[in-house]
Amino acid sequence: MSQYNPQQIESKWQQYWQEQKTFKTPDNHDKPKYYVLDMFPYPSGSGLHVGHPEGYTATDIVARFKRMKGFNVLHPIGWDAFGLPAEQYAVKTGTHPRDTTEKNINNFRSQLQALGFSFDWDREVNTTDPDYYKWTQWIFLKLYEKGLAYEDDVPVNWCPELGTVLANEEVIDGKSEVGGYPVVRKPMRQWVLKITEYADRLLEGLDDLDWPHSTKEMQRNWIGKSIGADIDFTVEGVDKEIRVFTTRPDTIFGATYMVLAPEHHLVDIITTNGQRQAVAEYQQEAATKSDLERTELSKQKTGVFTGAYATNPATGKQIPIWVADYVLATYGTGAIMAVPGQDERDWEFAEKFGLPIVRTVQPPEDFDGKAYTGEGEAINSDFLNGLGVTEAKEKIIDWLEENEYGKKAVNYKLRDCLFSRQRYWGEPFPIIHVDGEPKPVGEDNLPVTLPELNDYEPTESGEPPLAKAEEWVNTTDPETGKPAVRETNTMPQWAGSCWYYLRYCSPDFKGGPVDPAEEDYWMPVDLYIGGAEHSVLHLLYARFWHKVLFDCGVLKTKEPFQKLVHQGMILGEMEYTGYKYKGKWISADGIEDIENVEKVKLDEADVGKQDDQYVIKDTNIKIDAKAHKMSKSRGNVVNPDDIIDEYGADSMRLYEMFMGPLEQVKPWSTKDVDGVYRFLGRVWRLMIDEDSGELLDEVADAEPSKEQLKTLHECIGKVTDDIGELSFNTAISAMMIFVNEANKWDERPKAVLKAFVKLLSPFAPHISEELWRRLGHNDTIAYADWPEFNEAYLVAETITYPVQVNGKVRANIEVAAENAKNKEFVLNLAKEDANVQRYLEEGELVKEIFVPERIVNLVVK
RNA sequence: GCCCGAGUGGCGGAAUUGGUAGACGCGCCGGAUUCAAAAUCCGGUUCUGUCAAAGGAGUGGGGGUUCGAGUCCCCCCUCGGGUACCA
């Protein structure tokens, strides 16, 4: 008895690969290289979910394919292992985060190995390893030296109860997501990275990258470059000017008032005594609102008059200055000239507070809205009248510059990024404070390692946990011998992931983050696969660091990731939900309006379909049918281990690739795994006698027939092309077609079977290794030559032409290959067909369409 | 609101980029094998119609271009993702 037994085969070959170090990256640079990278995982306690293997299988297929195509392949993995969960667990249990992390990594590693991924395990990196974070710190020092890392008081979401700073998404309605404690905006001393200095280069660099359009677009929006003008308005009676940024300087004649953000530094100076109290109250109110609240409550504009006036430099008129929180302190100059005629927000505000509105762009006749933001001729604008928006902008900027009222200016939405966290489990900063001033510790003193602590909670005064390690904190400046205090903040989780792809090139290099020769050979990453949730932050920060290291002369490449692909999320199984009210089924529409509706999960067998609606079978009671995101709380999480136990890793890999296009969101369906499992069974039985376990008698050293070669080469062509385009689902389909065909053969030439096994091997490596061995090879299939596609074998003896009359197929005709391109011959044959003739008789033949080897269309009137 | 992306059988999806819509798989129906079942194998499976054919309809809806449209153009609807007072 020797049926296809994945469990046996898979552990055998996984062991073989490990012992033989089959996937060790070659040390020499004698071949073309290919660097294929996955976004490395955070090793969480719950282990792998089915989303991880999706991207990893895709890259593994490409890695294995490229090896067989003769490339030196770098295909590494590692761990993004700093982070909050291990620290929170430590606070609760006292377990050192290092121990938790190590345990989780071991679990992840064995899960990944059970899937048969061809990672080079000798190149594993771990962001929490001092040998790794030494270089994270080293890069920070470079940033510091270049003036790109600085300390600043930044308002952060401070939660006194939790004693920590929270990210915006961790704050809900002014309360902490965990525990529901109040959160306040509080300025704290933080490390900040000056990413804004690279805004233009980060924008321009996108052009040449082979990335999803939407991802590039998101980065562009995030950087948010806008071109306009800075204009200074003088304040009446105060020797101050207010600078505004505007993208519409052409509308300045319609600027009927100004607005300052509540935090603007001039508010206190210009406010008149009469308005002082009202303004102070308004500022107080604004301070207690979070950014989110300000925008969410934005339906109603609020604001107060400062009592002060400025002069509009274009009109010479006095315009009132208001304070309102719809102007953000953090964008532009924190002040605007308000042009209600051409700005919806200004219109809304002007309407509410009775401020004058002047149109300076002529709206089209049929325009019935309020503010008009489109193209049009300038009106009410003196010397700009009659000009289009673009010309008016140019002219007014010239005028502003001549009269020294302002100048052309560029602004970005992008802000410098907060780089410190008040936490333990992160990279310590290589910074000491001497006489209250920050000072780098010097390269020779790296790494600055994390001290041991007894507990991981922040101090009562809200200082980070590291402040408790007094012996560590209090040190001396090695240069001057003066007493010094170590920085007690740590770096955020994303620090380590900004450069890990570089470390893989030379994981043991002692002279820097990456060996220049290795970087020169391996970089850039040729294919990077990971989730779309990292479209902006990770990918932008990594590009930023990369460019900084380029400027430092550490790197020769300008961009890290040449081609990027996002795998689509895998949702849970389709769920059918019916609704009951007072014990009776009710239709799914309109249930929002009814209270006490009972949700009932339905089995697929009880579901029917009427037109486009899902219904309870044989009724017309509508139900909901939806696949949801996998989540513990929903209880629809699929564990890869279970699938491997039942079907094997090869089936798991194959199924995830067969589900649909890699980039698409798709619902999981365990019963569909049966399909690919059966396919592998058929592959097995194509060659192996299940009774004896030996090769079948049909498997022979015979010359392949023409037909067999055609079947094989159709498969080679399709699979080769499809891997190149990451269309794994159709590649698998092509292999299924081959096997369905080959199973009919009485004689199965070894040469054909071997070629097929090679095609299968990147997808289902374990069964392929096993069959390769049984077909008479003693070495691994991993470096076998990829089969050469030969189009000559595809030539068919006859070609079938569909024959249309007026665009509808009325017959199919067989034409011998030698006549297939003979237009006259084919058309005559087509017209002879009895059914075609019936339709030709209905009128006069006016046109004949002949597309060689495709179609015939006869047009009759 | 704005910016992307997508709508194809009962389900996941395919379609050489303008050339026979529904490949491949799941499910379902029928048959073979079996004492029986599992497993496996063979056949069928968009809807409608028919003993069978011939036909007719059909890729979210409406219009258009074309000999020919799932594919190209215009308008609309629905769903998914991102973003949100960025002046």
Side-chain angles (χ1 to χ4, degrees), chain A residues 3 212-218 220-222 224 226 228 244-248 251 259 292 294-296 298-299 301 324-328 330-339 342-346 348-349 411-415 532-533 535-536 566 568-569 574 604-605 607-609 612 614 625-627 655 658-661 663-676 678-679 681-682 685 690 718 721 727 729-737 740 743 800-812 835 838 846-849 851 853-860:
Chain A
Q3 287 173 344
H213 174 78
S214 60
T215 305
K216 287 196 197 182
E217 211 49 36
M218 275 194 220
R220 288 195 185 105
N221 289 338
W222 192 264
S226 44
V244 303
F245 172 74
T246 176
T247 55
R248 294 295 303 275
T251 63
V259 185
L292 218 70
R294 279 196 191 183
T295 55
E296 275 183 357
S298 70
K299 301 275 185 285
K301 294 265 182 297
D325 67 2
Y326 83 92
V327 172
L328 305 177
T330 46
Y331 181 78
T333 60
I336 61 159
M337 63 175 205
V339 190
Q342 277 76 230
D343 186 287
E344 283 159 16
R345 301 153 296 184
D346 295 344
E348 209 182 304
F349 190 81
N411 236 298
Y412 300 91
K413 265 187 350 194
L414 184 71
R415 295 179 210 165
E533 65 273 21
S535 289
V536 178
H566 301 301
M569 206 191 331
M574 190 74 146
E604 206 189 333
V607 174
K609 215 175 178 188
D612 278 351
Y614 286 91
K626 211 182 158 180
Y655 171 65
F658 189 61
M659 289 174 87
E663 297 178 63
Q664 201 165 296
V665 177
K666 36 207 179 278
W668 179 270
S669 167
T670 297
K671 74 175 187 216
D672 282 9
V673 183
D674 278 327
V676 292
R678 282 177 208 157
F679 162 67
R682 283 200 297 277
R685 290 189 299 274
E690 289 196 294
K718 187 77 180 136
D721 288 352
S727 300
N729 54 332
T730 49
I732 293 166
S733 158
M735 291 190 282
M736 288 172 167
I737 292 170
N740 291 344
N743 257 320
T800 306
Y801 273 96
V803 181
Q804 299 182 330
V805 181
N806 290 342
K808 297 208 173 203
V809 180
R810 299 301 181 185
N812 281 292
N835 203 35
R838 268 178 53 203
V846 293
K847 199 168 182 183
E848 296 169 339
I849 310 285
V851 185
E853 300 191 341
R854 283 267 177 276
I855 204 162
V856 171
N857 191 6
L858 303 170
V859 186
V860 171

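Computed from a predicted structure; not experimentally measured. In what follows, chains carry the letters A, B, and so on, assigned in the order in which the sequence lines appear, proteins first and then strands, with residues in each chain numbered from 1.
Counting non-hydrogen atoms under 4.0 angstrom, Ser226(A) reaches the backbone sugars and phosphates but no base. Phe349(A) comes within 4.0 angstrom of nothing in the nucleic acid, heavy atoms only. Asn411(A) comes within 4.0 angstrom of nothing in the nucleic acid, heavy atoms only. In this structure, Lys671(A) reaches the sugar-phosphate backbone alone: every heavy-atom distance under 4.0 Å involves primed, P, OP1 or OP2 atoms, never a base. If you check every strand for non-hydrogen atoms under 4.0 Å, Ser669(A) touches nothing.
For Arg678(A), the side-chain atoms get nearest to G27(B) when compared with the rest of A87(B), U20(B), G27(B). The side chain of Met736(A) has G25(B) as its nearest neighbour among U40(B), G80(B), G25(B). The side chain of Lys626(A) sits closest to G80(B) out of G80(B), C24(B), G27(B). If you check C67(B), G25(B), A23(B) against the side chain of Val859(A), the one that comes closest is C67(B).
Going from the C1' atom of U71(B) to that of G81(B) covers 24 Å, rounded to whole Å. Straight-line distance between the C1' atoms of U20(B) and G43(B): roughly 23 Å, to the nearest whole Å. Separation of the P atoms belonging to G22(B) and A39(B) is 30 Å when rounded to the nearest angstrom. Rounded to the nearest Å, the gap between the P atom of U66(B) and that of G61(B) is 23 Å.
Judged as a salt bridge (Lys or Arg N to Asp or Glu O under 4.0 Å), and not counting sequence neighbours, the contacts of Lys718(A) are Asp722(A). Scored by the side chain to side chain contact (heavy atoms under 4.5 Å, CB included) test, Val860(A) finds Val805(A), Asn806(A), Leu840(A), Leu845(A) as partners (sequence neighbours excluded). Under the salt bridge (Lys or Arg N to Asp or Glu O under 4.0 Å) criterion, Arg220(A) pairs with Asp207(A), Glu217(A), sequence neighbours left out. Considering only residues two or more places apart in sequence or on other chains, Tyr655(A) meets the ring pair (Phe, Tyr, Trp, His ring centres under 6.0 Å) condition with Trp668(A). Legend: residues meeting side chain to side chain contact (heavy atoms under 4.5 Å, CB included) with Asp721(A), ordered by chain and number and at least two apart, are absent. Remark: Glu533(A) engages no residue in a salt bridge (Lys or Arg N to Asp or Glu O under 4.0 Å) (not counting sequence neighbours). By the salt bridge (Lys or Arg N to Asp or Glu O under 4.0 Å) test, Asp346(A) is found to be paired with no residue, residues two or more places apart in sequence or in another chain being considered. For Arg685(A), the side chain to side chain contact (heavy atoms under 4.5 Å, CB included) test picks out Arg682(A), Glu690(A), with sequence neighbours left out.
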Restricting both atoms to N or O, compile the protein contacts to nucleotides 2-9 of chain B shorter than 3.5 Å, with distance only.
none

Below 3.5 Å is the cut-off: list the nitrogen or oxygen pairs between protein and nucleotides 55-60 of chain B, distance only.
unit_1, atom_1, unit_2, atom_2, d
G55(B), OP1, Asn835(A), ND2, 3.4
G55(B), OP1, Tyr839(A), OH, 3.2
G56(B), OP1, Arg810(A), NH2, 3.4
G56(B), OP2, Arg810(A), NH1, 3.3
A57(B), OP2, Lys808(A), NZ, 2.8

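Helical stems involving RNA chain B, defined as 3 or more consecutive Watson-Crick or G-U pairs under 3.5 Å, span B:1-7 with B:77-83, B:10-12 with B:24-26, B:27-32 with B:40-45, B:46-48 with B:55-57, B:60-64 with B:72-76.
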> Along nucleotides 13-19 of chain B, 5' to 3', which nucleotides get a B, which get an S, and which get a -, given that the test is a protein heavy-atom distance under 4.0 Å?
Replying inline: SS-B--B
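Place Met569(A) and Asn806(A) on RNA chain B by their nearest nucleotides, and Asn806(A) ends up nearer the 5' end. Residue-to-nucleotide proximity on RNA chain B shows that, of Thr800(A) and Ala734(A), the 5′-proximal contact is made by Thr800(A).
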